[in-house]
Amino acid sequence: MREFIILYRKELKGYFTSPFGWVVLAFASVMSGLSLSTAMKGFTDNAIADTLVYAAFHTPHFWFSFLFLFPLITMKLFSEEERLGTIETLFTAPVTTGQVVLSKYAAAVTFYILLWVPSLFQFLAFDWITSIPAPYDQGSLIGSYSIIFLMGLYFTAIGCLASSLTSSQIIAGIVTIGILLLHYFLGYVTFIWGNDFAAAGVFYQISSQLHLDEFSRGVISSPPFVYYLSMTAFVLFITHHHVDHRRWKK
Amino acid sequence: MIHVQQLSKRFGRHQAVDGISFDVSEGEIVGFLGPNGAGKTTTLRMLTGYLPPTSGNASINGFDVFKQSVKARRSIGYMPEDVPLYREMTVKEYLTFRAKLKGVKGRAVRSQVNQTISECGLSDRRRKPIATLSKGYRQRVGLADALVHRPELLILDEPTNGLDPNQIIAIRKLIQELAKKHTILLSTHILSEVEMICSKVVIIDQGKIKACDTPSNLVQGMRHAGRIQFEVKADPIQVRKKLSALTEIKKVLHGGKQAGWEQFEIIVDSGTETRERLSNLAAQERWPVKTLYRHEGRLEDVFVELTRRD
């Protein structure tokens, strides 16, 4: 546990001691601001039955900027250590592979959560600045941020895995965004092919778009929790084994 | 301290380390010698738990490096070959992080980091980011990292690699200083370094141990230790005939004629004294002698003899 905390703090600090982390944070807050202002423009143009939170999470550029966050925050995690050779000093210190993988993952998730702070602040600021009662309810706010958190857990784990596969950050980033885009488009299968085939249910279950749609209306259900948490555990398990694989006797 | 038994490592078809066994006891400074690609780094990586052995086993301080890896690693300070460091950290930040990670706790962190910084001559660079340091200073940071948790055993992989002569002298002095308190296993291919520092030498080539002894024993036991240079003015065929008749002489090599002097190289059995008999012979035959010199054996000769490919 002690080693985990030391490693976690070092990783988290790493996001803020280089300009890189601040650029990502700026990018995330600009994109969420853009989403909010797009949603507000929609409200002034037409009568909309949805809440402001729902509209902000359904702007055309939401998924685009959202999916790109993950390669940015995870690509360095293992590939940088591999490239610099510091993986050798890291694994010759008295630490276990589990501590290393979990600390890196936890730091990435923490940074990801911090990326959403500006967006939450923007929703709250709507009320403070306009003194119009905010056109959203607690449910949609809580729902949206819980699904954002759940998706973040899973997608960050995928980034972690991709980063452990290669010593090139670029390749790690491309693999991450590739998997995430694939996962995203699998969520559209039922929209394209309809749902009169046997596996349609599976595609409903893994569709992040549908999850976000439900949760941002304030409909919080358990299957997405099970799906994202178990997939996170599974991907981290593979990451652990892949990193540990150098220690296997061949 | 270190106990290695039949340790092997195979990378695909390439047998990097082939069944080596050796022991290092407490307080020893052992030089791990070998040409490039001999398997030095691979062996050290297995000892530090970074690579698993294909077969055989090794233990450090009684802990198996594979099965009880974390425990074994606690007593090791390891400096890898090309000294990988986190470049964006400052020297002090880096050493503090490493000290904590390697189990130094509480107030000891600060005092040990400061002490290590001054021991390694990094005091004036403590606040500098590692990326801005020169190679020599990075090497010192690597050494400081190996030292910072006061391990019982230091494993240094080519610690003076790529340094200028002044820096090499500084690092060597530092290692000699450290030798008073630590057991050291040091890999290198610089022989003068080993002669100066080490109390024991392990020579490895193509994954196998070729010799394991003190430097002086190695030199004494070497064939070429008894190499005598002999320059005379006489008929070379006569000389060769007369010399070969003497006992304890292995080989007489004629090196040709230079300005009227015939050059000979005489290989004798080690541990014998032949010069007196040679000078007597020359006097008896009335050969004018210019040179009669016995070469001192050096570790370099041992190394070349053991690892030469031709």
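A, B, ... follow the sequence lines: proteins, then strands. Residue 1 opens every chain.
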- So does B/Glu26 have more than 12 non-hydrogen atoms from other groups sitting under 6.0 Å from CD? no
- Is it the backbone or the side chain of A/Glu81 that comes under 4.5 Å from a heavy atom of chain B, or both, or neither? side chain
- Task: Could you list the residues that satisfy ring pair (Phe, Tyr, Trp, His ring centres under 6.0 Å) with A/Phe126, not counting sequence neighbours?
- Result: none
- Item | Heavy-atom contact with chain A under 4.5 Å, split by part of B/Lys105 | both
- Is the number of heavy atoms from other residues, nucleotides or ligands under 6.0 Å of A/Arg2 CZ greater than 12? yes
- Note on the structure: Nearest heavy-atom contact between B/Met89 and A/Lys10 is CE-CG, 3.4 Å
- Task: Give a yes or no on this: more than 12 heavy atoms of other residues, nucleotides or ligands lie within 6.0 Å of atom CZ of B/Phe11.
- Result: yes
- Item | Over 12 foreign heavy atoms within 6.0 Å of CZ, A/Phe234 | no
- Heavy-atom pair with the smallest gap, counting every atom of A/Ile6 and B/Leu101: CD1-N, 4.0 Å
- Checking B/Asp82 against chain A: side chain, backbone, both or neither under 4.5 Å from a heavy atom? neither
- Message: Atom NZ of residue position B/Lys100 - does it have more than 12 heavy atoms of other residues, nucleotides or ligands inside 6.0 Å?
- Response: no
- Message: With a 4.5 angstrom heavy-atom cut-off, is it the side chain or the backbone of A/Arg9 that approaches chain B, or both, or neither?
- Response: neither
- Task: Output all residues satisfying ring pair (Phe, Tyr, Trp, His ring centres under 6.0 Å) with A/Phe66, sequence neighbours left out; order by chain, then residue number.
- Result: A/Phe62, A/Trp63, A/Phe70
- Message: With a strict 4.5 Å heavy-atom criterion, list every residue of residues 144-181 of chain A that contacts chain B, or say none.
- Response: none
- Item | Other residues, nucleotides, ligands: >12 heavy atoms within 6.0 Å of B/Lys173 NZ | no
- Query: Residue by residue, which of residues 83-95 of chain A have a heavy atom closer than 4.5 Å to a heavy atom belonging to chain B?
  - Reply: A/Leu84, A/Gly85, A/Thr86, A/Ile87, A/Glu88, A/Thr89, A/Leu90, A/Phe91, A/Thr92, A/Ala93, A/Pro94, A/Val95
- Item | Residue B/Lys71 excluded, over 12 heavy atoms near NZ under 6.0 Å | no
- Query: Taking the six-membered ring of B/Phe97, is NZ or CZ of A/Lys13 closer than 6.0 Å to its centre and within 45° of its axis?
  - Reply: no
- Message: Between B/Arg98, B/Lys102, B/Glu88, who has the most heavy-atom pairs with chain A when the cutoff is under 4.5 Å?
- Response: B/Arg98
- Query: For B/Tyr78, is it the side chain, the backbone, both or neither that has a heavy atom under 4.5 Å from a heavy atom of chain A?
  - Reply: side chain
